[in-house]
Amino acid sequence: MRKPGIGVNLCAHPDDTGMEYDPQELEERWRERWAETGRYEADPADAASDDDPTFITVPYPYPSGGMHIGHARTYTVPDVYARYRRQQGDNVLFPIAWHVTGTPIIGAVERLKKGEEKQLSVLRDTYDVPEDTLTDLETPMGFARYFIEQHYKQGMQSLGLSVDWRREFTTNDERYSKFITWQYETLRDRGLLEKGLHPVKYCTNEKQPVTTHDILEGEEAEFQEYTLVRFGHGDTVVPMATLRPETVRGVTNAYIAPDADYVYADVDGEQWFVSAAAVEKLQLQAHDVTVERRVSGAELVGERVTNPITGDDVLVLPADFVDPENATGVVMSVPAHSPDDYVALQEAKADDARMAEYGIDPADVDAIEPVPILSVEGYGEVPAQSAVEEAGITDSADPALEKATKDLYNKEFHAGRLNDDYGEFAGELVEDVRTRFRDAHRDEGAFGTMQEFSEDVVCRCGGDVVVAEQDTWFLRYNDEAWKQKAHRVVSEMDAIPENTRGEYDHTIDWLNEWPCIRNYGLGTRLPWDDDFVIEPLSDSTVYMAYYTIAHRLQDVPVDELDREFFDALFYGADAVDDAPDRALELREEWDYWYPVDYRFSANDLISNHLTFYLFHHAELFDRPQWPQGIVIMGMGLLEGEKMSSSKGHVVLPGKAIEEYGADTVRFFLLNSAEPWQDYDWRDDQVASVKNQLERFWNRADERIEAGAPDERPELEQEDRWLLSKLQQTVRDVTEAMEASETRSASQAAFYNFEEQLRWYRRRTETERPAARWTLQHVLETRLRLLAPFVPFLTNELHERLTGTPAEDAPWPDVDEEFEDDAVEASEAQIERLTEDIKGIQQSLANAEEDVPEADPDRIRITVAADWKRDVFHTVVEEGGNQGAVMGTVMQDPDLRERGNAVNDLVGELVDFVRGREESEVAALSELDEFAAYEAATAFLSREFDADVVLQLEGEDTDATKHAIPLRPAIELEADE
RNA sequence: GCGGGGGUGGCUGAGCCAGGCCAAAGGCGGCGGACUUAAGAUCCGCUCUCGUAGGAGUUCAUGGGUUCGAAUCCCAUCCCCCGCACCA
C-alpha cells in the first residue's frame with residue numbers, strides 16, 4: 001500500500017534513521033486502505049459466535065450548512081468508543097445518515113434564490129462553495145446533497161471515522177418515509193396521537209404559518225396566554241386581557257384607548273366589544289367573528305362594566321397607555337397590585353378636566369380606591385402603593401416604574417397569598433394557584449383565553465406575525481402510562497455522566513402534548529392527511545432501528561414496505577397473518593444489532609430529542625430493545641467564543657486537518673475535555689498537540705529503527721519499574737474507556753506515561769538490550785492504547801513494528817507478572833532522595849552569599865539505624881496509632897532510655913504512615929533501604945556530578961543530621 | 001422563577017464523588033541553561049512568599065461549621081454560564 005514516494009525517500013537518504021512525520025501522506029494512505037477494504041462494514045456474519053455486538057449511534061447531521069469543528073467532535077467521540085470496542089473483540093456497528101426533514105434547508109434555499117447577501121456570504125466565504133456550483137444548491141435536496149457530499153462525508157472520512165458507509169440514507173428517502181409511516185400509524189392505533197388546536201406563528205400578509213427562520217424581528221418572542229376576563233356591559237361582553245387572572249377581585253376600573261378604533265362584533269354568537277386590531281387575531285384563534293359596528297374607544301369610556309366574579313360595576317376610564325394592538329385593547333386596572341395602574345389612577349384623579357371631557361364625574365374617579373386582594377411580605381397593605389412610594393415615583397413617565405412593576409409582579413407571584421375572599425383558593429401562593437383559579441373560572445364561563453406574543457413579530461416579507469390556533473396532531477407525551485414506561489427506560493439505562501439521569505426524569509414529567517406535524521417542509525407526509533408533514537423532532541425518534549436494515553432494504557421494492565412488512569420485521573412472524581419472507585430475513589439483522597448500546601448526543605437535546613427517543617422506544621419496542629445508554633456531549637467554543645457560521649467564526653475540519661493532520665485534530669478534540677464537558681478550540685493548543693504527536697512519532701521511529709532482542713533479556717530494576725507502571729496505565733486507560741472518559745484515557749496513555757519515561761531515561765542506560773526490549777514492549781502497548789484516538793499514526797507505527805496495524809491488535813490486558821509493588825516502592829524512594837538532594841542544593845544556591853556546598857564534591861547519605869527501623873515496623877503494625885505505638889515501643893528498655901528521641905521519631909513516622917495506601921506502606925516496610933540506595937549510587941553520582949558516600953547510622957558516622965526510616969540524612973560536602 | 005453546570009496559582013485546566021502522598025498534574029506564557037554560526041525545533045531546570053540544608057508561612061469565590069486534618073464534606077451568601085419547548 002505504500003506509495004512509491006516513501007520507498008524512494010528511504011533509499012535516497014540511507015543515513016536517515018527513519019521516517020519524517022508527514023500526517024497528510026500517511027493519513028491519506030490509511031484512508032484509501034480503509035475504503036478499499038471496507039474495513040468498517042459490519043455484518044452479523046463477522047461475529048465470533050457467542051459475541052455480543054456493539055451498536056453505537058450519534059445524531060445524524062442536518063446538512064443545512066457545512067460541517068465545522070464542533071460537529072467533528074460530536075462524531076469523533078463515538079468513533080473512539082467504537083474503535084475501543086473493536087479492539088476489545090466486539091463486532092461494532094457505527095452508522096450515519098442525514099436528517100433533512102423540516103424547513104431549515106428549504107429556508108436556506110429560498111434565501112439563496114432571493115440572492116440574500118448574508119446567505120451568499122455564508123455559502124461563498126464560510127463554506128467555500130464554488131461560484132458555478134451555487135445553482136446546484138437551488139433545490140432543497142440539491143442543497144442538502146452538496147453539503148452531505150462535499151462537507152460532512154468528506155469531513156468524516158478525513159477524520160477517519162469508522163463508519164459503515166453502506167447504510168447511509170436521508171430522511172427524505174421514500175423507504176425511510178415508509179418506515180416513518182409505519183411508526184405513526186402504529187402510534188395512532190395505540191391512541192398516542194391526538195388531534196387538537198395549537199398556537200402557531202402566522203403571517204397575516206402571506207396568510208400562512210411561518211417558522212423561526214422566516215422571522216425578521218421578534219425571533220425571541222414567546223407565546224403568552226392571556227386570560228380574558230369577561231366583563232359585561234348590558235348584553236355586550238367586554239373581554240379584558242390579563243396575565244394575572246387571580247387579581248380579578250382587585251379590579252377597580254377599566255381602561256380603554258379613547259381615540260383608537262374599536263368594534264362591536266358578533267363572536268361565536270355573542271356580542272363583544274374589542275379593539276379593531278383584535279378581530280383578525282380572534283378569527284385566527286378559532287373564533288367566528290363578524291364585525292357589526294365600528295366605533296371609537298370613547299364610546300365605552302365613562303360607562304360602567306360588570307366584573308363577572310364579584311358582580312361589581314366599575315368605571316371605564318380613558319388611557320393613552322392602552323395599546324389597542326395588544327390582545328383585546330381593553331384592560332382592567334388593579335391599582336393595589338400594579339404600580340402601573342396605581343400611578344395611572346393617581347394621574348386620572350388629578351386630571352379633572354380630562355375626565356369631564358369624557359362625561360365622567362371627577363368625584364366618581366376620586367372615589368376609586370385600591371382594593372388589595374393578597375398580602376405579600378415586605379410591602380404595605382397596598383403593595384403597589386408602597387412600591388411606588390418607596391421608589392419615589394410620581395408620574396407614569398418615570399423609567400423606575402417599569403422595574404417597580406416587574407419586581408412586584410415577581411414578588412407577588414412567588415410570595416403573595418390570596419386573601420379570604422378567594423374561598424377555596426384563599427391563603428395559597430399565587431404561584432401554586434393561578435392556573436387552577438383560571439381554569440375553574442374558564443370552565444364556568446367567566447374567563448376566556450387569547451394568545452399573544454410577548455413582543456412584536458415581523459415576517460421576512462414585512463407582514464405582521466400573530467398567533468393563530470391551528471388544527472394539528474399531537475403526540476401524547478402527557479399520557480401517564482407512557483410517562484411511566486419512559487421513566488423505566490431511564491432507570492434501567494446507563495446515563496453518562498450520571499448526573500444527567502435526573503434531567504431525563506424531569507423532562508419526562510414536564511413534557512406535554514407535542515404537535516408533531518407542520519404545514520410544509522421536507523420529510524414524510526402524515527399518512528392520513530397529505531397536507532401535513534411530520535416534523536423533524538418527531539421523525540427521528542426510532543430511526544436507529546432503520547440503520548440495522550437500511551442497506552438491505554434497498555433491494556426491497558418500495559411498495560412492499562407496508563404496515564405488515566415492518567410489523568413482521570420488528571414484531572416477528574406471529575405479529576401478522578402472512579409475514580413476508582424478506583421482512584423475516586431482515587428481522588435477523590435487526591435482532592442481532594439492537595438495542596443501541598450507546599447513543600452519543602448533545603446536552604441540549606435532553607429536553608427534547610433524547611427524551612422523545614426514550615418515549616418512542618419504550619412504547620414501540622420491548623424491554624430488551626430499549627436504549628442501553630446515553631453519553632452526553634458538551635458544547636464547543638472557538639478561541640473562547642461561541643462558533644457561528646453566519647459570522648464566519650468557525651473552523652472547518654478540512655482546513656484544520658490540512659494544517660495539523662487528522663490525528664492531531666482528533667487527539668485535541670478528545671483530550672482537551674471529557675465528552676460531556678465544554679471544550680475550546682484554540683489554535684495554539686492544537687499546534688502544541690501536533691508537536692507532542694510529532695515528538696511521539698520521532699521517538700517511536702527511533703525505537704523501531706533501534707530494534708530490540710527477540711528474547712527478553714534479564715531485566716534491571718528500572719526496567720521492571722517501567723513495566724509495572726505500564727500495567728497501571730493499562731488499568732487506568734481501560735477503566736476510563738469503559739466510562740467513556742476519553743480525556744482521562746488519552747491523558748493516561750499519552751501524557752502521564754511520558755512522565756514515567758522521563759524518569760526512566762534519566763535513571764537508566766537506555767541502550768542496554770534489556771532497556772531496548774522494555775522500551776519496545778512499552779511502545780507496542782501504548783500504540784494499542786492510543787489506537788482509538790490517533791488511528792493513523794498508531795496503525796502505521798504498529799504495523800512497522802509488528803506487521804499488524806494497531807487497530808487489528810487486541811486491547812492490552814494487565815500483565816500481572818509485571819506488577820511489582822516492591823520495585824515501585826524502591827524506585828519511589830530513589831526518586832524522593834534525588835528530589836531531596838536537589839532541594840537542598842537549590843536552597844543553598846539561592847543563598848545570598850556563595851555557599852560552596854551548593855556544588856558539592858561529595859554527598860553523604862546516612863540510612864537510619866536498625867532500632868529506628870524497628871520502631872517504624874511497630875508504627876506500621878499499630879496502624880499509625882501514636883499512643884499504641886508508644887506503649888509497645890517503651891517496653892524495650894533500650895528504647896525507653898532514648899525517651900524523647902523515640903517520641904519524636906514515632907510522631908514523624910505516624911505522620912508519614914497516615915494517609916498512605918496500605919499496600920504502599922506494606923511495600924515500603926518490606927524495603928531494604930540501604931540496598932535500594934546502594935544500587936542507585938552510580939545514578940546519583942552521575943546526576944549530581946559528585947561522589948556518593950552511603951553509610952548506616954551508628955557505624956563510624958559523624959552525621960550531623962538525623963536519619964529516620966525512609967528519610968535518610970543527607971549532607972552535601974565541598975572540598976576546600 | 002424553574003432545572004442543570006460552574007467559581008482553583010499570569011492564563012488555561014485537572015483535583016472535589018471515595019478528606020490526609022496537595023503549594024495543588026498537564027498545557028500555554030515567562031525566566032535561566034544545554035545544543036546551534038544563529039534562529040527555530042528539541043532537551044534540562046525554575047516560575048505564591050520567605051529562607052545559607054530537604055524547611056516555614058499564606059493560598060483553591062466569601063463567611064461559618066464538621067474533623068486530629070478540608071481545594072475536597074455540611075450550611076449560608078455572592079457571582080458566572082447553559083436550557084426552559086413545538087426549533088434543528
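Residue numbers start from 1 in every chain, and the chains themselves are labelled A, B, ... in the order their sequence lines are given, proteins ahead of strands.
Relative to the side chain of A:Ile840, the nucleotides B:G26, B:A85, B:G54 differ in distance, and B:G54 lies closest. Ranking B:C87, B:U12, B:A25 by closeness to the A:Arg682 side chain, first place goes to B:U12. Distance from the side chain of A:Asp836 is smallest to B:G54 among B:C44, B:A53, B:G54. When each of B:A85, B:G3, B:G54 is scored by its nearest atom to the side-chain atoms of A:Arg967, the top-ranked nucleotide is B:G54. Distance from the side chain of A:Asn512 is smallest to B:A85 among B:A85, B:G3, B:A53. Set against B:C87, B:G27, B:A25, the side chain of A:Gln685 has B:G27 as its closest nucleotide. Of all nucleotides listed (B:C84, B:C44, B:C87), B:C44 comes nearest to the side chain of A:Arg758. Nearest nucleotide to the A:Ser688 side chain, out of B:C28, B:A85, B:C44: B:C28.
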Polar atom pairs between nucleotides 49-52 of chain B and protein, under 3.5 Å, N or O only, would you list them?
{"from": "B:U52", "atom 1": "O4", "to": "A:Glu849", "atom 2": "OE1", "distance (Å)": "2.7"}
{"from": "B:U52", "atom 1": "O4", "to": "A:Glu849", "atom 2": "OE2", "distance (Å)": "2.6"}

Protein and nucleotides 4-10 of chain B: nitrogen or oxygen contacts under 3.5 angstrom:
{"from": "B:G4", "atom 1": "O2'", "to": "A:Glu503", "atom 2": "OE2", "distance (Å)": "3.4"}
{"from": "B:G5", "atom 1": "OP1", "to": "A:Asn499", "atom 2": "ND2", "distance (Å)": "3.3"}

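For B:A25, neither phosphate oxygen OP1 nor OP2 lies less than 4.0 angstrom from any side-chain nitrogen or oxygen of A:Arg743. An OP1 or OP2 oxygen of B:A14 is reached within less than 4.0 angstrom by a side-chain nitrogen or oxygen of A:Gln677.
Ring pair A:Tyr184/A:His616 is tilted by interplanar angle, where 30° to 60° counts as tilted.
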*Kindly express the pairing pattern of RNA chain B in dot-bracket notation, using | wherever a base pairs with another strand and counting only Watson-Crick or G-U pairs under 3.5 Å.*
((((((((.[[[..)....(.....]]]((((((.......))))))(((....)))...[[[[[..)....]]]]])))))))....
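Regarding A:Gln842, its CD atom lies at a distance of 12 Å from the C1' atom of B:G33, rounded to whole Å. Atom CD of A:Glu754 is separated from atom P of B:G27 by 10 Å (rounded to the nearest Å).
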